[in-house]
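Here the structure comes first, spelled out in structure tokens, and everything after it is commentary.
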Amino acid sequence: MKVNRRNFLRQTGLIAATPLIANELWSCTPSSKTEEKNTDSTATSSIITEPSVKEFGLQLWTVKEDMAKDPKGVLKSLASYGYKQIESFEGDKGIFWGMTAKEFKTYMDELGMSIVSTHCNPDFTMKKETEDKFKKLVDDAASIGMKYLINPFLGSLKTADEWKKAAEGLNRQGEIASKVGLKSGYHNHHFEFKKFADGTCPEQILLEGTDPKLVDFELDLYWVVKAGEDPEAWLTKYKDRFRLCHVKDYYKEEKMKEIEAKEKQTDPFWPIGGSTIVGTGRIDFAKILSTAKANGMEYYIVEQERFDNTTPLKAVETDAQYMKKLVFA
């Protein structure tokens with residue numbers, strides 16, 4: 001089953017009918033645009049051989065089509081590749097893939113894995129009338145020791161006031177989740193870095209409008225770089241706010257030019273994708289993740305969305321090999 005991200009978001013009510021125009025990416029304080037890097041200074045060192053990330057996870061969106069066919073079989077494969085943590089998302093079978101929360105945890109335990117977080121319906125943030133459903137999810141998540149319930153997409157919001165309401169919604173979610181030891185969170189794409197007239201941008205509004213005791217953030221490194229932003233600037237300015245990150249690489253400039261020459265942008269909201277095998281693109285994970293750890297990062301979650309000359313499962317196996325050797329700069 002071929003699943004398109006925009007179609008999935010539309011079908012589950014996560015995106016408005018009229019998209020934002022995102023052909024052109026904008027920058028927003030506090031970042032400065034980074035120079036293109038030709039190599040990643042990671043992964044091997046003759047002096048330091050101990051990997052910097054002891055346990056790393058995978059966002060199941062990466063293998064969504066395989067998961068739809070055989071959830072248990074795919075999870076078993078992921079465990080064999082070295083993934084110890086899972087971040088789920090709210091698809092047709094729910095975040096527990098047709099299992100109850102306890103059944104899912106039991107299977108995770110058998111595999112030596114844990115589910116630390118999930119992406120969930122953005123309506124929980126913006127529509128108070130969904131609170132009962134959110135509370136049910138909170139109870140299920142708490143019952144198996146999960147840490148985060150994350151809003152993955154607010155792309156239909158257009159004004160600063162709407163984003164301020166979203167911050168209020170995240171705080172409300174955080175208050176509910178905090179009663180059982182969880183936190184709410186938000187995951188960025190590229191559009192959160194578009195400036196408003198006053199110089200602020202959505203990511204800044206959310207960070208400064210939410211209570212650190214209730215709400216944390218997941219920094220998607222691919223989308224930050226895609227938007228022309230410097231991840232390290234955000235990590236240092238908002239120390240201890242980004243507790244999770246998506247370790248997702250971005251093709252080098254030459255390869256992206258080749259792709260853009262061959263492919264047309266079919267959706268004005270989403271730029272042409274350039275996600276690739278972790279460690280083979282332009283993002284210097286050794287350097288950025290070192291800064292991330294120094295500023296409070298706790299969870300390193302692999303994600304990949306494009307699979308040229310490979311399959312999702314083969315790709316995530318290669319991604320895991322990289323993560324097992326990664327040494328921070």
Side-chain angles (χ1 to χ4, degrees), residues 52-63 78 83-90 95 108 113-122 124-125 137-138 141-142 144-154 166-167 170-171 173-174 177-178 181-190 192-193 202-203 206-207 210-227 229 231-249 275 278 283 285 288-305 316 319-320 323 326 328:
S52 296
V53 181
K54 305 301 182 185
E55 293 188 352
F56 54 89
L58 181 76
Q59 165 52 250
L60 292 180
W61 179 268
T62 308
V63 289
L78 298 180
Y83 292 97
K84 295 294 185 182
Q85 299 166 342
I86 290 299
E87 179 175 78
S88 192
F89 68 91
E90 198 162 357
I95 68 169
M108 290 281 96
M113 304 172 77
S114 64
I115 175 170
V116 298
S117 56
T118 188
H119 287 187
C120 52
N121 194 331
F124 295 150
T125 299
L137 180 58
V138 167
I144 60 172
M146 288 175 61
K147 306 296 184 184
Y148 288 98
L149 298 175
I150 298 172
N151 184 322
F153 185 84
L154 287 173
L170 288 170
N171 281 330
Q173 287 181 271
S178 68
L182 277 75
K183 276 188 150 184
S184 65
Y186 184 75
H187 163 277
N188 68 275
H189 288 85
H190 57 295
E192 290 88 353
F193 302 98
E203 189 78 358
L206 293 183
L207 282 158
T210 51
D211 185 342
K213 295 179 181 179
L214 303 175
V215 183
D216 284 335
F217 287 77
E218 180 171 64
L219 194 68
D220 189 304
L221 296 173
Y222 167 91
W223 283 112
V224 175
V225 174
K226 186 84 169 172
E229 294 290 307
E232 291 180 272
W234 286 90
L235 288 161
T236 53
K237 181 175 177 65
Y238 296 101
K239 181 179 175 64
D240 295 329
R241 296 307 309 277
F242 296 101
R243 297 296 189 181
L244 312 92
C245 67
H246 275 181
V247 182
K248 179 163 55 175
D249 214 342
S275 173
V278 174
I283 299 179
F285 291 110
I288 293 172
L289 294 183
S290 179
T291 299
K293 184 177 180 181
N295 286 279
M297 189 63 66
E298 297 177 352
Y299 298 99
Y300 306 86
I301 301 169
V302 171
E303 186 180 45
Q304 189 171 334
E305 296 190 85
V316 298
D319 291 335
M323 293 299 293
L326 174 62
F328 292 169

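Computation of the quantities below employed the complete heavy-atom set of this structure, encompassing side-chain atoms and omitting hydrogens, waters and symmetry-equivalent molecules.
- For the atom pair Gln85 CD and Leu78 CG, the distance stands at 13.0 Å (nearest 0.5 Å).
- Among all heavy-atom pairs drawn from Ser275 and Tyr222, the shortest one is N-CE1, 3.5 Å.
- Between Ile115 and Met146, the shortest heavy-atom contact is O-CG, 3.2 Å.
- Applying the side chain to side chain contact (heavy atoms under 4.5 Å, CB included) criterion to Asp216, with sequence neighbours excluded, gives Tyr148, Lys183, Arg243.
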Practice task
Could you check Gln173 against Leu149 for side chain to side chain contact (heavy atoms under 4.5 Å, CB included), going step by step and ending with a plain yes or no?
Solution key: CA-CA 9 Å; Gln173 287 181 271; Leu149 298 175; 5.7 Å; no
Handout entry: Step-by-step side chain to side chain contact (heavy atoms under 4.5 Å, CB included) determination, Trp61 to His119
Key = CA-CA 10 Å; Trp61 179 268; His119 287 187; over 6 Å; no
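- Annotation: side chain of Ser184 is in contact with side chain of Val215 (closest heavy-atom distance under 4.5 Å).
- Counting only heavy atoms from C-beta outward, the side chains of Val247 and Phe56 never approach each other to under 4.5 Å.
- At least one side-chain heavy atom of Val224 sits under 4.5 Å from a side-chain heavy atom of Phe193.
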Practice task
Evaluate the side chain to side chain contact (heavy atoms under 4.5 Å, CB included) criterion for residues Trp223 and Glu192: first the C-alpha distance (whole Å), next the side-chain angles of each, then the deciding distance (0.1 Å), finally the verdict.
Solution key: CA-CA 10 Å; Trp223 283 112; Glu192 290 88 353; over 6 Å; no
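- Rounded to the nearest 0.5 Å, atoms CE (Met297) and NZ (Lys239) are 11.5 Å apart.
- Looking at His246 and Glu87, their side chains come closer than 4.5 Å, going by heavy atoms from C-beta outward.
- Between Phe328 and Tyr300, the two ring planes are tilted [angle within 30° to 60°].
- Ala167 and Thr210 make their closest contact through O-CG2, 3.7 Å (heavy atoms, listed as atom of the first residue, atom of the second, distance).
- Taking 4.5 Å as the limit, every side-chain heavy atom of Phe217 sits out of range of all side-chain heavy atoms of Asn188.
- In terms of heavy atoms, Ile301 sits closest to Gln59 at CG2-N, 3.4 Å.
- The shortest side-chain heavy-atom distance between His187 and Leu244 does not fall under the 4.5 Å cut-off.
- A donor-acceptor pair under 3.5 Å links the side-chain atoms of Asn171 to the main chain of Asp211, judged by distance alone.
- Here the closest non-hydrogen pair linking Ser88 and Ile95 is OG-O, 2.8 Å.
- A distance-only check finds a donor-acceptor pair linking the side chain of Thr62 to the backbone of Gln304 [under 3.5 Å].
- In this structure, Thr118 OG1 and Ile150 CD1 are separated by 8.0 Å, a value rounded to the nearest 0.5 Å.
- Taking OG of Ser52 as the start and CZ of Phe285 as the end, the distance is 14.0 Å to the nearest 0.5 Å.
- Considering CG of Leu219 and CZ of Arg241, their distance stands at 12.5 Å, rounded to 0.5 Å.
- Across all their heavy atoms, Ala227 and His190 have their closest contact at CB-O, 3.9 Å.
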Practice task
Under the side chain to side chain contact (heavy atoms under 4.5 Å, CB included) rule, what do Phe242 and Leu207 come out as? Steps first, then yes or no, please.
Solution key: CA-CA 9 Å; Phe242 296 101; Leu207 282 158; 3.9 Å; yes
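- The distance from the CG atom of Leu221 to the NZ atom of Lys248 is 9.5 Å, given to the nearest 0.5 Å.
- Counting only heavy atoms from C-beta outward, the side chains of Tyr186 and Leu154 approach each other to under 4.5 Å.
- Applying the salt bridge (charged side-chain N to carboxylate O under 4.0 Å, His left out) criterion to Asp319, with sequence neighbours excluded, gives no partner residue.
- Between Ile288 and Ile283, the closest side-chain pair of non-hydrogen atoms falls below 4.5 Å.
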